Amino acid sequence: DVLGGILVTAVLIVLTYPAWTLIDRLDSASPLFPVCVIVVPFFLCYNYPVSDCYSPTRADTTTILAAGAGVTLGFWINHFFQLASAPTEALPVVQNIPPLTANMLVLGLTKFAVGIVLILLVRQLVQNLSLQVLYSCFKVVTRNKEARRRLEIEVPYKFVTYTSVGLCATTFVPMLHRFLGLL
């Protein structure tokens, strides 16, 4: 499986490499890109192969695709609205990296804690809201664990939740860090 995955990845890289510049331009410039980033993965999640019995693989796949969509959307928002700082021209040389100090460690841990707390809050809030909306739309009893497994509930609630998590991690956490002076 691992060797097969590496081989598939190598083939995909070779086949898609000529289009990387075009894809990067579309990603950063097209106002329609966010629609594609959301619609395509959502469509793929809804059309996941169906089996006779429930399997958590559809939920896992939805989580992964949604988080990827959220991260991609967040990067697009950062670039399109110029929220991210311009990249440096050259990477720092390893010899110029300053030694780890107590202040740097505290700053890093603070940024991590602030980011994790915001992401967890967004995840919980969006999950609860999306489940409430879907339960009321499909007239399902609240707290019904089996209802969460239904295709029309599981895919949208997971997709909305984890797209929000990816978006929060790439856009809102850095904005909060900047606001709090942690950058």
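All values derive from a computational prediction rather than experimental measurement. Just so you know, residue 1 is the first one in the sequence shown, and it goes up from there. All values below come from the heavy atoms of this structure, side chains included, with hydrogens, waters and symmetry mates left out.
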Please report the closest heavy-atom contact between [X] and [Y], naming both atoms and the distance.
{"X": "Val160", "Y": "Ser164", "result": "O-OG, 2.8 Å"}
{"X": "His177", "Y": "Gly115", "result": "NE2-N, 4.0 Å"}
{"X": "Ala59", "Y": "Glu154", "result": "CB-OE2, 3.2 Å"}
{"X": "Cys168", "Y": "Pro174", "result": "O-CD, 4.3 Å"}
{"X": "Leu105", "Y": "Leu100", "result": "N-CD1, 4.2 Å"}
{"X": "Gln127", "Y": "Thr161", "result": "CA-OG1, 3.3 Å"}

Would you give me the side-chain donor-acceptor pairs under 3.5 Å for residues 39-50, sequence neighbours excluded?
from: Asn47; atom 1: ND2; to: Phe43; atom 2: O; distance (Å): 2.9
from: Tyr48; atom 1: OH; to: Thr57; atom 2: OG1; distance (Å): 3.3

Drop me the distance from [X]'s [atom1] to [Y]'s [atom2], to the nearest 0.5 angstrom.
{"X": "Asp60", "Y": "Leu65", "atom1": "CG", "atom2": "CG", "value": "11.0 Å"}
{"X": "Arg58", "Y": "Thr63", "atom1": "CZ", "atom2": "OG1", "value": "11.5 Å"}
{"X": "Leu180", "Y": "Lys111", "atom1": "CG", "atom2": "NZ", "value": "11.5 Å"}

Is there a path of hydrophobic side-chain contacts, each under 4.5 Å between heavy atoms of I/L/V/M/F/W/Y residues, joining [Y] to [X]?
{"X": "Leu121", "Y": "Leu182", "result": "no"}
{"X": "Val117", "Y": "Phe112", "result": "no"}
{"X": "Met175", "Y": "Val114", "result": "yes"}
{"X": "Phe81", "Y": "Phe33", "result": "yes"}
{"X": "Leu22", "Y": "Ile13", "result": "no"}

Review point. What salt bridge (charged side-chain N to carboxylate O under 4.0 Å, His left out) pairs are there with at least one residue in residues 41-53, not counting sequence neighbours?
Key: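 Not a single pair qualifies under salt bridge (charged side-chain N to carboxylate O under 4.0 Å, His left out).
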Review point. Does atom CG of Leu3 have more than 12 heavy-atom neighbours, drawn from other residues, nucleotides or ligands, at distances under 6.0 Å?
Key: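 At most 12 heavy atoms, drawn from other residues, nucleotides or ligands, come within 6.0 Å of this atom.
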Throw together a table of side-chain donor-acceptor distances under 3.5 angstrom for residues 69-80, partners on residues two or more places apart or in other chains.
from: Thr72; atom 1: OG1; to: Gly68; atom 2: O; distance (Å): 2.8
from: Trp76; atom 1: NE1; to: Asp27; atom 2: O; distance (Å): 3.1
from: Trp76; atom 1: NE1; to: Ser30; atom 2: O; distance (Å): 3.1
from: Asn78; atom 1: OD1; to: Thr171; atom 2: OG1; distance (Å): 3.4
from: Asn78; atom 1: ND2; to: Gly74; atom 2: O; distance (Å): 3.4
from: Asn78; atom 1: ND2; to: Thr170; atom 2: O; distance (Å): 2.8

Check your understanding: Mind checking who shares a hydrophobic cluster with Phe138, ILVMFWY linked at side-chain heavy-atom distances under 4.5 Å?
Key ->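 Members besides Phe138, by chain and number: Leu131, Leu134, Tyr135, Val140, Ile153, Tyr157.
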Check your understanding: Arg149: what forms a salt bridge (Lys or Arg N to Asp or Glu O under 4.0 Å) with it, not counting sequence neighbours?
Key ->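 Expected list: Glu146.
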Check your understanding: side chain to side chain donor-acceptor pair (under 3.5 Å): which pairs involve residues 2-21, sequence neighbours left out?
Key ->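 Only Thr16-Trp20 qualify under side chain to side chain donor-acceptor pair (under 3.5 Å).
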